[in-house]
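Encoded as structure tokens, the structure appears first; notes follow it.
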Number of protein chains: 4
Amino acid sequence: MYTYDMAYRTSDKVRQKKDAKRTAMMQTAVQVFAEKGYHAATVRDIVQKAGVAIGTFYFYFPDKETLFVYLYEETGEFLAQSLEQAINSKELLHHQIAAGVQAYVNIALYEPAVIHLMLVGGIGAIPSLHEKRSIFRERMTQMWQRPLDFANDDGNLPDQNSRRSAEMIAGACDEAILNLLAQPDAEASGQAAVRDITLFILRGLGYNTQDKT
Amino acid sequence: MYTYDMAYRTSDKVRQKKDAKRTAMMQTAVQVFAEKGYHAATVRDIVQKAGVAIGTFYFYFPDKETLFVYLYEETGEFLAQSLEQAINSKELLHHQIAAGVQAYVNIALYEPAVIHLMLVGGIGAIPSLHEKRSIFRERMTQMWQRPLDFANDDGNLPDQNSRRSAEMIAGACDEAILNLLAQPDAEASGQAAVRDITLFILRGLGYNTQDKT
Amino acid sequence: MYTYDMAYRTSDKVRQKKDAKRTAMMQTAVQVFAEKGYHAATVRDIVQKAGVAIGTFYFYFPDKETLFVYLYEETGEFLAQSLEQAINSKELLHHQIAAGVQAYVNIALYEPAVIHLMLVGGIGAIPSLHEKRSIFRERMTQMWQRPLDFANDDGNLPDQNSRRSAEMIAGACDEAILNLLAQPDAEASGQAAVRDITLFILRGLGYNTQDKT
Amino acid sequence: MYTYDMAYRTSDKVRQKKDAKRTAMMQTAVQVFAEKGYHAATVRDIVQKAGVAIGTFYFYFPDKETLFVYLYEETGEFLAQSLEQAINSKELLHHQIAAGVQAYVNIALYEPAVIHLMLVGGIGAIPSLHEKRSIFRERMTQMWQRPLDFANDDGNLPDQNSRRSAEMIAGACDEAILNLLAQPDAEASGQAAVRDITLFILRGLGYNTQDKT
DNA sequence: CATGAATGAGGGTTCATTCAT
DNA sequence: AATGAATGAACCCTCATTCAT
């Protein structure tokens, strides 16, 4: 799980209550944005689902666009950090890949709105988001590329454009996970998906998994 | 004497012009939709870019949504058919993959709006489009899966979930191509991209390219 | 039957053809206006029903509003004249009333569009029509009032406000005829309606029909 | 301390104000619809006359058509009930007719917009209104017919088609009242109009008023 | 004469945003 | 803090009208 902490100025335990409400509204907003997309999701949709008045929305957030961009960034941050941590917690490439994929699938199953927001919710929406989106995609790509370059330095990978490989890993994961979420019994297929995805990636990289642990 | 027929004599020429204009407006619309997405693209945006009045739009098309859905379907049809033809024109799996990837990259370089419309333009837009999008993604997946299953029957592939592999191929291609298009010198990198993508996919499939032609 | 003859400038038998077409379009227009009312009836509706192009409409008529007003006036003129003639062709009040009612019913059965245009088609439409409508209603009222005043002078009617009586006769006829037209077997009930209406009016006027022919 | 409750404490007062405003806007709408008719009256006309922004209209009402139909039905209901009550409050036919006419004239003088809305405002407008209009006309006709049938049963009326008589009464009243309203000194002529109309109707029915109270 | 492609003012409606309470 | 009535820019779309062919 993850929480949002937009800048504020109040203090004390009033802050906590305020934070709690803000956080709740943000989570609601993520759900709605993820489900309907930026434009189709109205502020009214959000406040209705959150059970507050429309004025309350504008007490906590400056406007719809700012909130969306913030949510997009925060959610991207959460997603990227989760995968990065999983990857960095391992030493060997095939463990790193497996851990990253596992983390990705976990989030998809546990917080599907995160995936929908990042992958489909915010496209073609606000001009300012194009840049944010590029930044996020870039981060995901580099996240996958780093272990490749390390492995490459150790001579564990055949010669290849690691950048391109990373891009493909990112894209392959996204698509496989989106398909997974589209299934009615997503959770049941989770582990099989992790295995399939990991193996495909490792083979794709030309990584010889035989003689490693 | 000539007057009465005039309207009919020219009618062929006029109809051709009309068709040409409709096509031109559709291409403009694809550009705008691809760039801004369905909601952010206004009819005014389209007609301004096309250099016509707003009424002209409604003379040619019934309404924004219908046009968009039509464009999405047509463009998807074009993209899918192009790749399918390329794939079907070959016999061996590695040739099929290479041809499919090549066709995809060609379209991306030649008609980038096609890719943007299909991959980013129509997300989170109209309810009726969700289904169209699913259909398109499904078609792309099955397009890649078919050659896999054939190769599998021939014993040329290691055991794997071909459906999942196809999903990953589709996603990997999309992402690599989107990244390619984001580069300033996309065209120059086209062939390298085709090679990289193809090889990654073939390796990912576990296809032994050594002992084939 | 009645025809329309808006001002024109051409001549010879070309004029006849032109007139024929113009007249045909006008009759079509009356039908459409009567059926849908001024605003709901579009120029496209009219030309489609007339089987001509939209440009043709503007060759024959300056614009929709002018045509409508003209049609309203002409149709009103036709209706009023028909009734006036019928009334004036008789000498005795009860014959006059009977003839007027008979003429009204005849027109309603034979040209229902005339009635619809005058009574319901052009209300609340164009500001300039308000006046025309008043003029028409006034004419109808005076048309009924004239024989009353004559009969009054002859001492055949009890003391009454003949103006008000005329208004009521006009309104009563309109409503009875509208109801008649709403019936599926309007034609079959025509004669009964004429009798009912005439008798009610004569009684309403206090006209003693017994001792007259 | 007071802040939280404020919104709720005032809520009653606010709701009253809101209701008052809605009512005021409805009255404005009736005026505008009555004056211009459904199509010619724009939502912008209504809000301008009401002195509010256009969004306010859609805060109070779902859309123009729904409001109009509602207003038409409500106004018709009010008018019909008023006359029905007046009629039902009497026993003898000539008292019933007199009371009905008196009520009609009273409403015309006091709320002329009611009459205009029902008689001219909503014609040739929305398809769904044709039916409403028929229903209203039918109700008015039956309202007049009922006392006729009762009187007939008692042998107080000469043989006649009471349905047709009722139609004529309705039409005669409408027209007389419309003419009354068109006069500058309508109010002054009210009582005379009531007398004239009532007498004409009673005579028209063949009702012998001499030997009754 | 006739056509119908093209125009754009204007209408109904939505929805992000403000502010008095 | 919270509310929700009020606002109005901006959207989609219609339709009377024009004009080149």
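Lettering of chains follows the sequences in order, A, B, ..., and the numbering in each one begins at 1. The analysis underlying the following values was restricted to heavy atoms, covering all of them including side chains, and did not include hydrogens, waters or symmetry mates.
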Less than 4.0 angstrom between a side-chain N/O of B:K18 and OP1 or OP2 of E:dA6, yes or no?
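Checking B:K18 against E:dA6: no side-chain N or O falls below 4.0 Å of OP1 or OP2.
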For F:dA2, does OP1 or OP2 lie under 4.0 Å from any side-chain N or O of A:Y60?
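Yes.
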Write down the distance between [atom1] ([X]) and [atom2] ([N]), rounded to a whole number of angstrom.
{"X": "D:E65", "N": "E:dG11", "atom1": "CD", "atom2": "C1'", "answer": "14 Å"}
{"X": "D:R15", "N": "E:dT21", "atom1": "CZ", "atom2": "P", "answer": "18 Å"}
{"X": "B:M25", "N": "E:dA5", "atom1": "CE", "atom2": "C1'", "answer": "12 Å"}
{"X": "D:F61", "N": "E:dT14", "atom1": "CZ", "atom2": "P", "answer": "15 Å"}
{"X": "B:Q16", "N": "F:dT21", "atom1": "CD", "atom2": "C1'", "answer": "15 Å"}
{"X": "D:Q48", "N": "F:dT7", "atom1": "CD", "atom2": "C1'", "answer": "15 Å"}
{"X": "B:K21", "N": "E:dG4", "atom1": "NZ", "atom2": "P", "answer": "17 Å"}

Please, what dot-bracket string fits DNA chain E when only Watson-Crick and G-U pairs with both distances under 3.5 Å count, crossing ones use [ ] and pairs to another strand use |?
.||||||||||||||||||||
Measure from the side chain of C:Y58, starting at C-beta and using heavy atoms only, and say which of E:dA6, E:dA2, F:dA16 lies closest.
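Of E:dA6, E:dA2, F:dA16, F:dA16 is nearest to the side chain of C:Y58.
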Side chain of A:A53 only, heavy atoms from C-beta on: which candidate in E:dT18, F:dG4, F:dT17 is closest?
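The answer is F:dG4.
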Under a 4.5 Å cut-off applied to non-hydrogen side-chain atoms, are [X] and [Y] in contact?
{"X": "B:T56", "Y": "B:V47", "answer": "no"}
{"X": "A:V43", "Y": "A:Y58", "answer": "yes"}
{"X": "C:F61", "Y": "C:Y70", "answer": "no"}

With a cut-off of under 6.0 Å to the ring centre and 45° to the axis, is D:K64 in cation-pi contact with D:Y38?
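Output yes; distance and angle both within limits.
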If you take all heavy atoms of A:K36 and A:A41, which pair is closest and at what distance?
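Heavy-atom minimum between the residues: CB-N, 3.9 Å.
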Between the protein and nucleotides 9-11 of chain F, list the N/O to N/O atom pairs that are separated by less than 3.5 angstrom.
| residue | atom | partner | partner atom | Å |
| --- | --- | --- | --- | --- |
| F:dA10 | N6 | D:R44 | NH2 | 3.4 |

Residue whose closest nucleotide on DNA chain E lies nearer the 5' end, C:F59 versus D:F57:
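Result: C:F59.
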If the C1' atom of F:dT21 is compared with that of E:dC1, how far apart are they to the nearest Å?
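One C1' to the other, the span is 13 Å.
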Checking all strands, does D:K17 fall into the base, sugar-phosphate, or nothing category for heavy-atom contacts under 4.0 angstrom?
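D:K17: no heavy atom of the nucleic acid under 4.0 Å.
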B:Q16 backbone acceptor or donor facing B:D19 side chain under 3.5 Å:
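No; zero donor-acceptor contacts below 3.5 Å.
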Between C:D63 and A:T56, which has a closest nucleotide on DNA chain F that is more 5'?
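The residue whose closest nucleotide sits nearer the 5' end is A:T56.
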Evaluate whether atom CZ of C:R44 has more than 12 neighbouring non-hydrogen atoms of other residues, nucleotides or ligands under 6.0 angstrom away.
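Not buried by this count: 12 neighbours or fewer within 6.0 Å.
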Restricting to side-chain hydrogen bond (donor to acceptor under 3.5 Å, both in side chains), what partner residues turn up for D:K132, sequence neighbours left out?
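D:K132: side-chain hydrogen bond (donor to acceptor under 3.5 Å, both in side chains) contacts with D:E73.
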